[in-house]
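First the structure, in the form of structure tokens, and then the observations on it.
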Amino acid sequence: MEKLKRPLAIICLIFMGILIVGAIVLAVIGSEEATKLLMADLFCLMVVPVVFYGYQMFLNGVKRKREEEEKE
């Protein structure tokens, strides 16, 4: 599981960086279409960390379940 967490964290950070740069560019453009895209970008900036955290919780649950099965 640890082998999977680190690359996913790096991918998440890269994706978040791209979204932040995109938000800055869209905010500077300021057209009506850019405003709609900016709202979608900001939504993704909130959702991506939540999904990543949920995936980590899922991996921890799977790890605990495997450890319990090995003890029995």
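- Clustering ILVMFWY residues whenever any of their side-chain heavy atoms sit less than 4.5 angstrom apart, transitively, puts Met57 in a cluster other than the one holding Leu8.
- Remark: Ile20 CD1 to Cys44 SG distance equals 12.5 Å, nearest 0.5 Å.
- Note: the hydrophobic cluster containing Phe52 does not contain Met16 (ILVMFWY, side chain heavy atoms under 4.5 Å, direct or indirect links).
- Interatomic distance, Asp41 CG to Met39 CE, rounded to the nearest 0.5 Å: 9.5 Å.
- Taking CD1 of Ile24 as the start and CG of Leu19 as the end, the distance is 11.5 Å to the nearest 0.5 Å.
- Atoms OG1 and CD, on Thr35 and Glu33 in that order, are 8.5 Å from each other to the nearest 0.5 Å.
- At a threshold of 4.5 Å between side-chain heavy atoms, the hydrophobic network of Ile, Leu, Val, Met, Phe, Trp and Tyr places Val48 and Leu38 in one connected group.
- In this structure, the separation between CZ on Arg66 and CD on Glu68 is 13.0 Å, given to the nearest 0.5 Å.
- To the nearest 0.5 angstrom, Leu42 atom CG is 11.0 Å from Leu37 atom CG.
- One hydrophobic cluster holds both Leu26 and Phe15 under the rule that ILVMFWY side chains link at heavy-atom gaps under 4.5 Å.
- Hydrophobic clustering (ILVMFWY, side-chain heavy atoms < 4.5 Å, transitive): Val21 and Leu13 are in distinct clusters.
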Item to complete: Under the side-chain contact (heavy atoms from CB on, under 4.5 Å) rule, what do Leu59 and Gln56 come out as? Steps first, then yes or no, please.
Response: CA-CA 5 Å; Leu59 287 178; Gln56 279 187 326; 5.6 Å; no
